[in-house]
Amino acid sequence: MQYVFDFTEGSKDQRDLLGGKGANLAEMTSLGLPVPPGFTISTEACRSYLATGREPDGLADEIERHLSGLESGMGKRLGDATDPLLVSVRSGAKFSMPGMMDTVLNVGLTDLSVAGLAAVAGDQRFAWDSYRRLVQMFGKTVLGVDGERFDHALETRKKDRGVDSDVDLTVDDLRDLVAEFKEIVRGESGTNFPQDPRTQLDLAVRAVFESWNTDRARIYRRQERIPDDLGTAVNIVAMVFGNLGPDSGTGVAFTRDPATGEQGVYGDYLPNAQGEDVVAGIRNTLALAELERLDKASYDQLLDIMETLEKHYLDLCDIEFTIERGKLWMLQTRVGKRTAAAAFRIAGQLVDEGLIDEDEALSRVTGAQLAQLMFPQFDPAASRTSIARGMAASPGAAVGKAAFDSATAVEWAQRGDDVILVRRETNPDDLRGMVASRGVLTSRGGKTSHAAVVARGMGRTCVVGVEALRVDPRARAFTTPDGARVTEGDVISIDGGTGEVFLGALPVVPSAVVDALYGRAAAPPSASSGPESEAEAEGESSDVVRREVVSAVLRLMRHADVRRRMEVRANADTGEDARRARDLGAAGIGLCRTEHMFLGARRKIVEHVILARTPEQRDAGLDELRPLQRADFTEILEAMDGQPVTIRLLDPPLHEFLPDLTDLSVRVAVGEATGSPDAEAAALLAEVQRLHEQNPMLGMRGVRLGLVVPGLFELQVRAIAEAAASLLARGLDPQPQIMVPLVAAVQELEAIRDMAEATVAEVAAETGTALRFPIGTMIELPRAAMTAHAIAEAAEFFSFGTNDLTQTTWGFSRDDVEATFFPAYLERGIFGVSPFESIDADGVGRLVSIAAWEGKETRQDLELGVCGEHGGDPDSIHFFESIKLDYVSCSPFRVPVARLEAGRAALVTEGSDSR
Ligand code: ADP
Ligand code: MG
Ligand code: MG
């Protein structure tokens, strides 16, 4: 087993083993780009360490060998007293987790080697600054010292010296700080800062392994659905120094704008600084374009490299670089995160540029991103005056109460308030607050600051670097340039598309993408209207962005429709919903529930049916309901003319249509007490008591209801048949499918089927029309799935009701578990995501695939679909594609997402079939 790999050995395709950072450092090395030499300890080693609590056998030797190689290549020894080699020890997992795990810079500096470094560099200040950083980072990440302690000491020192920035501190200041930091380390951790370079290295490697399991890393993984068992690689990289004076510096860059997808040079640069200074927002950065003025040669080389990377990765890349006394070094690259809008736009652009084909473009956007673009935006027509403007870091329109710390944001969100988290800058400890908030606003930092990167990843609206706002977290307030003061709890609005901040709640309108998906014309260009003209001064107008994003979405939707094998239907119960679903591309109704048709004013009639003493009384009630049902079905069948409409016969327990038990008891008791007994209430009460169930979910509902309450299902079937007959008479093409819920045994279905066929035949005879509808069943009980062979004898279609199937397979009721023990289950990793959100492929999914398979064996043309909420969930859609269902059905608004994901899923299975 080899655990350590030199940068010259790996490639970008080895992210599993080397992590993204390591794989791409290796890739850049083999492209001949200027990467400092180094090596990567594999994720395998990390997994072994995390499983056993100690480094795997042989790892220490391998590190020793690679370190010697590095030392001889560099002509320096790690931590040498006269000319020390220093290294960084960097985390880097398969999937990027920005700022979530640890990195330690300047490893190898000691009381001895700091003098050597100073002598070689000819710069005392630089050497002590580097040492100060090491003690700080090592103390915090390796020895677990509270970082605030160091920050506080540094701030105090700056204040004492009357300087604003750490670059203005003198050698003596820094030397004192190192002594002070070492004291803090000793005091807080009980150990001395280690003076042996190799010990530093080993402890740092171990700390990076362990940083895989910090709270914030776990939260991030859950949020991003990154598996918990991957582990991180560790990269040991020879240090290069951006803090060697004004001709040195460090920066980050994107090959395209990650917020809008616009082509150009985007990034931040900070002269005379090391590593994390840029993202940390400690000093305000320069726009990358400024580098051209400061160091044209490095700037030009950087642009060349960026072009090389885009052509090589065929995608937007982000990079980290450092300039050491005029020499450019590449420290990281990866395919960059981007907003949903940028994802679609860039995919479209790359197709236009001939770099990728439409299949590839489709694989680069996701349903989740499309869903984000379907969110509402601020009404462009509403009058508004922004109080300040920063950088548009992650789009969307967010309105909420200002909260100035993470805990408050979480607390308010839990009680149901919309919150905007306002910070000077965020750090990984703010993660919970960011998750809980509608939007994030910071006064510092650029497009690559922690707030920006994390918010983009989570799809949170985010505005950063609003320098005009003075944020005072202690006073829980900020002040605007014209002196207005916003305190905790005041409502503000932020526009993540323009970077604007507003007082109060701005009105919100539907997105342009939704308009376009509905086939409504996109909003007319508003270049001349007020609010946006300011934005144009900075670059493209937001109209251009919007138009290009909309056209990329439509183009990829078309391609997804070409590619997908599965149909997408919608769950809709009313004509209006049906029309909306159809406009959004649904090819039918996969689930039309009928329970709402028995509520409201009609509930009284249902009561009469249930309370009827004689068949005549009952039939009178049913006769009263029939024309109403017929009208319901006529409306929906008409809206979906020519497309299948799967109508589910009544499913919920009867008592849901009767008054509440307690209310009734009170009514009866009051009547008796006042000497005027209420006979009707008493009768109802008796019935309600009779129908009361301990576990209604598992009680008399679904097909059981149809078998026990005479005439009920018959009424529904008759109404469907009459509606169809009347539509046929009008020359339309109604296509109802009759679906029986909660079947467990084929005998149940057979009984309903006989009744239904007879009823349809009656209506056909009465109306003189030829009527025949498919009759099928939901598969939502394990027994149904396990007897699919037999059930398919009586069913022309199966519709997997994965909500109930999940409940009955796991044996828990959703309403009860989601609020009680689910958080604990998620916390403990019993599942990574709720099985109600994303199908549990191993358990529930297996039942679905067995039933699908066996059903098809009985009946070749058995139609197979899904009507649970999973029908609109991207991961679940991929699963349903893999077991070759015919369609998924989801809520109307999810239909575009399902179309896109069904297309993407087909690409994936096509790819794996041909392999
Ligand atoms: P993260 O994953 O949080 O970005 P990194 O491992 O990339 O952490 O490192 C943090 C910062 O330190 C980055 O700005 C990176 O460019 C810088 N850095 C890492 N290694 C070196 C090195 N060998 N020389 C100079 N700077 C480095
Ligand atoms: Mg990095
Ligand atoms: Mg159900």
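Both counts, for ligands and for their atoms, begin at 1 and track the order of listing.
Considering backbone and side-chain N/O of Leu331, none are found under 3.5 Å from N/O of ligand 1. In terms of N/O distances under 3.5 Å, ligand 1 is approached by Gln332. Residue Thr322 has no N or O atom closer than 3.5 Å to an N or O atom of ligand 1.
Proximity of Leu105 to ligand 1, defined as any heavy-atom pair under 4.0 Å, is confined to the side chain (atoms from C-beta onward). With a heavy-atom cut-off of 4.0 Å, Val237 touches ligand 1 through backbone and side chain alike. Using a 4.0 Å cut-off between heavy atoms, Lys21 contacts ligand 1 through its side chain alone, with no backbone atom that close.
Heavy-atom proximity to atom 13 (C) of ligand 1, evaluated over Met137, Arg90, Glu320, is greatest for Glu320. The closest non-hydrogen atom to atom 24 (N) of ligand 1, taken over Val240, Ile236, Leu86, comes from Val240.
Every heavy atom of Pro98 sits 4.0 Å or more from the atoms of ligand 1.
Residue contact check: Ser88 has heavy atoms under 4.0 Å from atoms 19 (C), 20 (N), 21 (C), 22 (C), 23 (N) of ligand 1.
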Listed pairs under 3.5 Å, donor-acceptor, residues 139-147 side chains, sequence neighbours left out:
| unit_1 | atom_1 | unit_2 | atom_2 | d |
| --- | --- | --- | --- | --- |
| Thr141 | OG1 | Met137 | O | 2.7 |
| Asp146 | OD1 | Glu148 | N | 3.1 |

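Nearest N/O/S atom of Glu320 with respect to the Mg ion (ligand 2) is recorded as OE2.
The shortest heavy-atom contact between Val234 and Phe209 is CG2-CE2, 3.5 Å.
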Side chain to side chain contact (heavy atoms under 4.5 Å, CB included) between Phe39 and Arg65, worked out: CA-CA 11 Å; Phe39 54 88; Arg65 249 196 338 276; over 6 Å; no

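The aromatic rings of Tyr269 and Phe321 sit parallel to each other, their planes meeting at less than 30°, with 60° as the upper class boundary.
There is a side-chain donor-acceptor pair under 3.5 Å between Gln274 and Asn106.
Every pair passing salt bridge (charged side-chain N to carboxylate O under 4.0 Å, His left out) that includes a residue from residues 99-113 is listed here, sequence neighbours excluded: Asp102-Arg216, Asp111-Lys182.
Taking 4.5 Å as the limit, every side-chain heavy atom of His66 sits out of range of all side-chain heavy atoms of Tyr3.
In summary, Gln332 places an N/O/S atom under 2.8 Å from the Mg ion (ligand 2), meeting the contact criterion.
The pair Arg132-Asp129 meets the salt-bridge criterion, since a charged nitrogen lies less than 4.0 angstrom from a carboxylate oxygen.
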